[in-house]
Amino acid sequence: MIFDLLSVKKAISFNACALQFFFYAALGGSENFLLSTMSYDRYIAICHPLRYMSIMTKKKCLCLASVAFSVGFFQSSVQTSCTFSLQFCGSNLIDHFYCDIPPLLKLSCSETFYCTMVTIYIVGIGTIIPFLTIIFSYMFILSSILRMTSSEGRKKAFSTCSSHLMCASVFYVTVFFNYLRPPSSVFTSQDKVASVFYAVVTPMLNPLVYTLRNQEIKRSIGKTMCNPTSSDGVFSVVRHRLGTFGK
């Protein structure tokens with residue numbers, strides 16, 4: 001997508017378009033389930049802090065991540081095979097800045113009702129279930145926070161959840177807007193703006209939001225800015241983490 005935006009001739013082959021959409025849908029679906037997994041992690045950290053290490057083991061985290069990516073790549077395979085098995089015999093101009101289902105279906109001269117329903121069901125089930133998981137997790141988290149007597153404890157709990165809530169809100173609002181609504185014959189500029197949020201803005205915000213809330217990273221960045229001659233800086237935290245895992 002970046003290569004296409006920077007190139008003078010905005011063109012992509014049929015196979016490259018299919019490949020681009022496959023990885024876009026696979027990673028988007030995986031992020032969807034990872035966001036719900038992270039809400040479960042927040043729930044354990046706030047509601048069961050003393051049991052956190054025994055519940056969120058490395059094995060369990062690996063299992064949850066594996067399930068998220070497996071489901072993401074499976075649903076992407078179904079959508080990709082359905083969309084790119086259609087006949088495209090008319091215009092080859094995609095009214096979008098990357099290959100996505102809504103603008104591609106508008107170019108097809110085949111009956112697209114089946115693919116539209118497949119997309120709605122897959123995106124609906126694959127989005128609503130994680131979304132409800134997040135909602136229920138935060139209901140328990142909110143209940144636990146309201147029972148806290150310490151204002152410092154409440155502040156810390158809200159701080160733990162704020163970054164995840166920010167990224168999840170942007171992601172789900174734009175996904176619901178683009179995919180879970182009646183099909184339209186026109187792909188408007190509002191659709192493209194919404195696509196930018198969950199295709200570009202959310203993935204860009206994730207590392208910034210989560211990293212900058214890490215106190216070790218912030219301290220390392222501060223030391224590096226105060227002492228630019230130090231080459232260790234931020235990477236000292238990474239080496240420390242890798243050394244810990246190595247042990």
Side-chain angles (χ1 to χ4, degrees), residues 1 19-81 121-141 144 157 159-176 179 197-217 234-235 237-247:
M1 186 185 72
L19 190 65
Q20 184 189 65
F21 172 74
F22 172 77
F23 281 103
Y24 161 75
L27 296 176
S30 301
E31 181 181 5
N32 188 17
F33 283 90
L34 286 173
L35 285 170
S36 66
T37 302
M38 291 169 69
S39 71
Y40 173 71
D41 175 80
R42 299 301 194 273
Y43 160 73
I44 298 298
I46 293 173
C47 299
H48 304 282
L50 299 179
R51 298 174 55 203
Y52 180 82
M53 296 304 295
S54 62
I55 296 176
M56 297 302 294
T57 60
K58 287 185 179 180
K59 183 178 180 180
K60 188 170 186 178
C61 291
L62 181 62
C63 180
L64 290 171
S66 300
V67 170
F69 280 101
S70 298
V71 173
F73 275 82
F74 172 74
Q75 58 90 21
S76 175
S77 300
V78 174
Q79 292 186 79
T80 304
S81 60
Y121 281 121
I122 287 180
V123 175
I125 295 172
T127 303
I128 290 175
I129 291 176
F131 180 72
L132 290 177
T133 302
I134 294 174
I135 294 296
F136 283 117
S137 296
Y138 276 102
M139 285 174 62
F140 287 113
I141 289 172
S144 180
S159 177
T160 301
C161 302
S162 59
S163 54
H164 176 259
L165 276 174
M166 184 192 306
C167 293
S169 299
V170 173
F171 181 84
Y172 282 107
V173 168
T174 51
V175 167
F176 288 155
Y179 295 105
F197 273 94
Y198 69 80
V200 180
V201 175
T202 304
M204 180 184 69
L205 282 178
N206 282 341
L208 290 174
V209 170
Y210 293 123
T211 302
L212 293 178
R213 296 199 67 83
N214 185 303
Q215 297 300 320
E216 293 181 62
I217 295 291
V234 177
F235 300 102
V237 176
V238 178
R239 285 200 297 271
H240 172 70
R241 296 294 188 194
L242 293 176
T244 303
F245 287 130
K247 295 175 184 177

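The CG atom of Leu50 sits 12.0 Å away from the CD1 atom of Ile44 when rounded to the nearest 0.5 Å. Taken to the nearest 0.5 Å, the CZ atom of Phe23 stands 10.0 Å off from the OG1 atom of Thr80. Taking CE from Met38 and OG1 from Thr133, the interatomic distance works out to 14.0 Å, rounded to the nearest 0.5 Å. Here the CG atom belonging to Leu27 is positioned 12.5 Å from the CG atom belonging to Asn32, to the nearest 0.5 angstrom. With rounding to the nearest 0.5 Å, the separation of CG in Leu34 from OG in Ser39 is 11.0 Å. The CD1 atom of Ile129 lies 12.5 Å from the CD1 atom of Ile134; values are rounded to the nearest 0.5 Å.
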Side chain to side chain contact (heavy atoms under 4.5 Å, CB included) between Leu165 and Arg42, worked out: CA-CA 11 Å; Leu165 276 174; Arg42 299 301 194 273; over 6 Å; no
Residue pair Phe140, His48: steps toward the ring-ring contact (aromatic ring centres under 6.0 Å, His included) verdict: CA-CA 11 Å; Phe140 287 113; His48 304 282; 9.1 Å; no
Steps toward side chain to side chain contact (heavy atoms under 4.5 Å, CB included) verdict (Ile55, Lys60): CA-CA 8 Å; Ile55 296 176; Lys60 188 170 186 178; 3.6 Å; yes
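Considering every non-hydrogen atom in both Cys161 and Ile141, the closest pair reads SG-CG2, 3.9 Å. Ser66 approaches Ser70 most closely through the heavy-atom pair O-OG, 2.7 Å. Contact between Ser76 and Ala25 at its shortest, heavy atoms only, is OG-CB, 3.5 Å. Across all their heavy atoms, His164 and Leu35 have their closest contact at NE2-O, 2.7 Å. Minimum interatomic distance between Ser54 and Thr57 (heavy atoms only, all atoms of both residues): O-CG2, 3.3 Å.
A donor-acceptor contact shorter than 3.5 Å is absent between the side chain of Thr127 and the backbone of Gly124.
A 4.5 Å side-chain heavy-atom check between Ile125 and Gln75 finds every atom pair outside the cut-off.
For Phe22, the ring pair (Phe, Tyr, Trp, His ring centres under 6.0 Å) partners are Phe73, not counting sequence neighbours.
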